[in-house]
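Lettering of chains follows the sequences in order, A, B, ..., and the numbering in each one begins at 1.
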Amino acid sequence: MQDYLKEQIARALKKVAPDLETPEITIEKPRSTEHGDAATNVALTLANVLKENPRSIAQKIADQIDLSTGHIRGVEVAGPGFINFRFAGNWLTDQLVEAHRTGREFGKGRMLEHKKIQVEFVSANPTGPLTVGHGRNAVLGDTIARVLEWAGADVQREYYFNNAGRQMRVLAESVRARYLQAIGQDVVFPEGGYEGAYITEIAERVLEKHGDSLTGEEHLPVFRQAAEESIFEDIRQTLARMNISMDSFFNENTLYEDGSIDKVIATLRDKDLVFEQDGATWFKTTAFGKDKDTVLIKSTGEPTYRLPDIAYHINKLERGFDLALDIFGADHIATYPDVVAAVQACGFDSDRIDVIVYQFVTIVKDGKPFKMSTRKANFVTLDELMDEVGADVTRFFFLMRAPGTHLEFDLNEAKQAGEKNPVFYLQYAHARIQSIMKKVRNHYDFTGKAPDFSLLAHDAETTLIKRILEFPDVILLTAGQREPHKLIQYLNELATAFHKFYHDCRILGEDEQLALARTELLTVTATVMANGLGILGISVPDRM
RNA sequence: GCGCCCGUAGCUCAGCUGGAUAGAGCGUCUGACUUCGGAUCAGAAGGCCGGGGGUUCGAGUCCUCCCGGGCGUACCA
């Protein structure tokens, strides 16, 4: 329809101003329905060039629009010089028939067809349970992956982790200390160790399984491995509970084993971007405009996290992804330019790497900001949150707001959200439709009959139809921007249009033809709602 | 100090990438079918879009300078 309009406008423009080169014509959907179904601002943009009043240009163009094809019902000039179009009713019903026929697949796009995309998210090291802080990352990553799939992409979900660094050593020492305490030894708990209760539980399980003989330093790996396995199992379960399942887990260690780390250093050294100083190996980031150079390998011989990060991203590109998406918290953003610069220097196309940065979640508890620390064990786990409000509300809460804005998560409010939560508004619409359907089936027999959507002329009906037809565009917008809250906003509008329809239009008691058309309108509505909630990873109840 | 993000209704946030009278939810106030689920619907109140300057037909949106908050700016991840 957009293309059709553009063509019409371009043709009209030729008659109005034959000498003018056809400009870019943009079509937009007016905010208010009073302004029709589509509008263009060409007259405004041309006012300067043509040295003429925008309204009079608009009027001349409008006069030249061909209405005889039947797609357009009305053209009018409004405001400072907008040209508004109204679609003919048959165009809407044609589209609705198509949507109805497509059913469960309605909304799937082909924008990203044949694109291999990797979304890397969560990527928390196995040092403790996932917290509310990780929640936003996890839910954003998974939902973006889902919407990319709906836009046609072939998506892989990957979890990147490191089980060999300093953090993990401290973790193992913490477990060991708890173990020694459990068998009655008087040991000092390591400075900066992990204090959570789960550490003690892991220590107790080691004691049960291996007895009390693991007192020596040399047994540290046993504690490390026990902790890793146990914590990873918890993380996996938490993710599953949130409706998230990873396609692969990538261990940072493989980058050392397969030599990619050394290769990165060697390549950068060839380009004269690496040098030694004070016993450390540096990356010359000042060459890319940064204030300081960056350490890649510490004087202790231990690499900083940037080095494997670089190797990891090269690895992703070598695996053939058209796009590698990272979901990063605001605190990680500083490394991104380094990684891009290094990847580029190594001869790879860094345009294939993109980062979604989300701002931090501020936990508010009892009206005060709550500072979390995994090490200090004062945190709220995702499991605890889901115990309180359920997985659906948890996902919804993290998706409601644009990733780039700070998200305030009021625990008290979320916990008592119960019936008032906005997610129920969407689920209720779906459940209500199912309930209507059940009643309808008892009153009418529609078998073998096709609906005539042209009977749907009520305001509430056309509004609902227009909303439904927006769905495929919303998918593409959400996928393109990678901002799931846009889908939520849309589903809210869809639900509102449905509830309005429910109040204004009835099915039971209406003549069979109209009842059939309305019933099938609701079928499509329910499908779109189900598809949308599915992308958000939220359940779609038939009853509530 | 420098870099990135943010500042919109009492609160939490949208605002389709520069368009028409700036929207929604919660909260407050007033109303609604004796038949399909009232977890709903209709309406009211509530705003110098942090502030100043600039760009143009047109700015919440772009440029610039202030103010205020968050995160970076580690041989921590």
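Centre separation under 5.5 Å together with a plane angle under 30° holds for the ring of A:Phe82 and the six-membered base ring of B:A20, marking them as stacked. With centres under 5.5 Å and a plane angle under 30°, the ring of A:His35 is stacked against the base of B:A20.
Classification of the A:His499-A:Tyr425 ring pair by plane angle, with boundaries at 30° and 60°, yields tilted. Ring geometry for A:Tyr312 versus A:Phe250: interplanar angle of 30 to 60°, hence tilted. Note: A:His332 and A:Tyr305 have perpendicular aromatic rings, judged against thresholds of 30 and 60 degrees for the angle between ring planes. Between A:Phe360 and A:Tyr358, the ring planes lie tilted relative to each other; the angle falls in the 30° to 60° range.
With both ends at atom C1', the span from B:A59 to B:G25 equals 27 Å, rounded to whole Å. Across the P atoms, B:A14 and B:G50 are found 14 Å apart, a figure rounded to whole Å. For the P atom pair drawn from B:G27 and B:C11, the interatomic distance equals 16 Å after rounding to whole Å. Using atom C1' as the reference point in both B:G23 and B:C16, the two lie 13 Å apart (nearest Å). When the P atom is compared between B:C67 and B:G52, the two are found 15 Å apart, to the nearest whole Å. For the P atoms, the distance linking B:C26 with B:C41 amounts to 9 Å, nearest Å. With P as the reference atom, B:U8 and B:G3 are 24 Å apart, rounded to whole Å. To the nearest whole angstrom, the two P atoms, one in B:A39 and one in B:C33, are 16 Å apart.
The distance between atom CD of A:Gln489 and atom P of B:G25, rounded to the nearest whole Å, is 12 Å. As rounded to whole Å, 14 Å separates atom C1' of B:G25 from atom NE2 of A:His499. The interatomic distance linking A:Met400 (CE) with B:G25 (P) rounds to 11 Å, in whole Å. Between A:Leu491 atom CG and B:A14 atom C1' there is a gap of 15 Å when expressed in whole angstrom units. At whole-Å resolution of the value, NE2 in A:His406 and C1' in B:C11 are 17 Å apart. Residue A:Lys500 contributes atom NZ, which lies 13 Å from atom C1' of B:C33 at whole-angstrom precision. For the pair A:Leu508 CG and B:C36 C1', the interatomic distance rounds to 5 Å; values are reported in whole Å. Whole-Å rounding puts the A:Phe396 CZ to B:C26 P distance at 12 Å.
Taking the six-membered ring where the residue is Trp, the centroids of A:Phe288 and A:Phe283 are separated by under 6.0 Å.
The partner of B:G27 cannot be assigned: no Watson-Crick or G-U wobble pair with both contacts below 3.5 Å exists in any strand. The nucleotide B:G3 finds its pairing partner in B:C71, both defining distances of the Watson-Crick or G-U wobble pair being shorter than 3.5 Å. In this structure, B:U35 makes no Watson-Crick or G-U wobble pair, since no nucleotide meets both defining distances under 3.5 angstrom. Nucleotide B:U56 forms no Watson-Crick or G-U wobble pair with any nucleotide shown, as no partner meets the under 3.5 Å limit on both distances. The pairing partner recorded for B:G18 is none, the criterion being a Watson-Crick or G-U wobble arrangement whose two distances lie under 3.5 angstrom.
Across all strands, A:Leu407 comes closer than 4.0 Å only to sugar-phosphate atoms, never to a base (heavy-atom distances). At a threshold of 4.0 angstrom between heavy atoms, the contacts of A:Gln427 with the nucleic acid are absent. The residue A:Ala39 sits close to a base: some heavy atom pair falls under 4.0 Å. Base engagement by A:Leu44 is indicated by at least one non-hydrogen atom pair under 4.0 Å involving a base atom. Here A:Met437 lies out of heavy-atom contact (under 4.0 Å) with every strand.
If A:Tyr428 and A:Glu483 are placed on RNA chain B by their nearest nucleotide, the residue sitting closer to the 5' end is A:Glu483. With the nearest nucleotide of RNA chain B identified for both A:Ala78 and A:Arg543, A:Ala78 has the one nearer the 5' end.
Judged by distance alone, with hydrogens and angles left aside, A:Asn41 brings no side-chain donor or acceptor close enough to the base of B:A20 to form a pair under 3.5 Å.
Of the listed residues (A:Asp37, A:Thr40, A:Ile27, A:Ile83), just one forms a side-chain contact (heavy atoms from CB on, under 4.5 Å) with A:Leu5, and that residue is A:Ile27.
In this structure the side chain of A:Thr463 never reaches within 4.5 angstrom of the side chain of A:Lys500, judged on heavy atoms.
Set against B:C41, B:U40, B:G15, the side chain of A:Lys486 has B:G15 as its closest nucleotide. Of the candidate nucleotides B:G19, B:U17, B:G38, B:G19 has the atom nearest to the side chain of A:Pro80.
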Using nucleotides 73-77 of chain B, report all nitrogen or oxygen pairs with the protein that are shorter than 3.5 Å.
residue: B:A74; atom: OP2; partner: A:Lys292; partner atom: NZ; Å: 2.2
residue: B:C75; atom: O2; partner: A:Ser299; partner atom: N; Å: 2.6
residue: B:C75; atom: O2; partner: A:Ser299; partner atom: OG; Å: 2.7
residue: B:C75; atom: N3; partner: A:Ser299; partner atom: OG; Å: 3.2
residue: B:C75; atom: N4; partner: A:Asp278; partner atom: O; Å: 3.1
residue: B:C76; atom: OP2; partner: A:Lys298; partner atom: NZ; Å: 2.7
residue: B:C76; atom: O2'; partner: A:Arg166; partner atom: NH2; Å: 3.1
residue: B:A77; atom: O2'; partner: A:Gln167; partner atom: NE2; Å: 2.8
residue: B:A77; atom: N6; partner: A:Tyr305; partner atom: OH; Å: 3.0

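Distances shown here put a side-chain N or O of A:His485 below 4.0 Å from the OP1 or OP2 atom of B:G15. Look at A:Lys290 and you won't find any side-chain N or O under 4.0 angstrom from OP1 or OP2 of B:C2. For A:Tyr502, a side-chain nitrogen or oxygen approaches OP1 or OP2 of B:G38 to under 4.0 Å. Within the 4.0 Å cut-off from OP1 or OP2 of B:C33, not a single side-chain nitrogen or oxygen of A:Arg506 is found.
Under the 3.5 Å distance criterion, with hydrogens and angles disregarded, a donor-acceptor pair is assigned to the side chains of A:Gln344 and A:Ser350.
Taking 4.0 Å as the cut-off between side-chain N and carboxylate O, A:Glu76 and A:Arg86 count as a salt-bridged pair.
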From CA spacing to verdict: ring pair (Phe, Tyr, Trp, His ring centres under 6.0 Å), A:Tyr160, A:Phe249: CA-CA 6 Å; A:Tyr160 175 72; A:Phe249 286 77; over 10 Å; no

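For B:U21, the O4'-C1' to base torsion is more than 90° from 0; the nucleotide is therefore anti.
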